[in-house]
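Below: the structure, in structure tokens.
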Amino acid sequence: MKKQLFAIALACFMPFMSVFGDEIELSVGFTDETPIIRIPTKAPVKPMHINLENHQIELSALHPNYTLTLLNEDGEVAYSTIVPAGTSTVTLSATLTGDYELRLYPDGSNYYFYGDITL
């Protein structure tokens, strides 16, 4: 019984760890910088982590719908796709090579996650 409780506690409280590719920390940006007065205020959005191997991105399975966008070095959209909620792996086009800024926009939010990747 103690082993089962320990296993459940470990599964609940351990952060999601993966051996899939390189871990990348994504920062938080805002689509609208206009201050909105809300009472009570919410805690700030925390950065998220993804894993990248070749042209596959691994996400936590617990996420909302995202719009994934890759911006090239000129700031132009090179690739964009919808990532449905619960999808844990996204495969990018094999024709993409070089350095990109990856952005993940959660549906209905005024923030996004971003970070630099190399394919």
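Atom set for the values below is all heavy atoms of this structure, side chains included, hydrogens, waters and symmetry mates excluded. Quantities reported herein were computed from a predicted structural model and do not represent experimental measurements.
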Side-chain contact, heavy-atom cut-off 4.5 Å: P47 with S27? no
pair D99-I117: side-chain heavy atoms closer than 4.5 Å: no
Taking the side chain as every heavy atom from C-beta outward, state whether Y111 and T31 have any atom pair closer than 4.5 Å. no
Nearest-0.5 Å distance, CD of residue E23 to CG of residue L52: 11.5 Å
Atom pair OG (S88) and CG (N51), whose distance is rounded to the nearest 0.5 Å: 11.0 Å
Distance, nearest 0.5 Å, that separates CG of D116 from CG of L102: 9.5 Å
Expected output: side-chain H55 to main-chain L96 donor-acceptor under 3.5 Å: yes
Got E101 and L70 here, is their nearest side-chain heavy-atom distance under 4.5 Å? no
Looking at D74, is its backbone amide N or carbonyl O close enough to the side chain of N72 to form a donor-acceptor pair, meaning the two atoms are under 3.5 Å apart? yes
Smallest heavy-atom separation, T67 atom then S80 atom, equals CG2-OG, 3.9 Å
Less than 4.5 Å apart, any side-chain heavy atom of Y112 and any of Y66? no
Rounded to the nearest 0.5 Å, how far does CD1 of I50 lie from CD1 of I24? 4.5 Å
Single-linkage hydrophobic cluster L104~I82, side-chain heavy atoms < 4.5 angstrom: no
Please report the interatomic distance CE(M48) to OH(Y114), rounded to the nearest 0.5 Å. 14.5 Å
Distance col, row I57:CD1 vs L68:CG, nearest 0.5 angstrom, shows 5.0 Å
When you measure from the side chain of H63 to the backbone N and O of T87, does any donor-acceptor pair fall under 3.5 Å? yes
Check whether F113 and F30 end up in the same hydrophobic cluster, where Ile, Leu, Val, Met, Phe, Trp and Tyr are linked by side-chain heavy atoms less than 4.5 Å apart. yes
Are Y79 and T69 side-chain neighbours, meaning at least one heavy-atom pair lies under 4.5 Å? no
If we only count heavy atoms from C-beta on, is the L59 to T89 side-chain gap below 4.5 Å? no
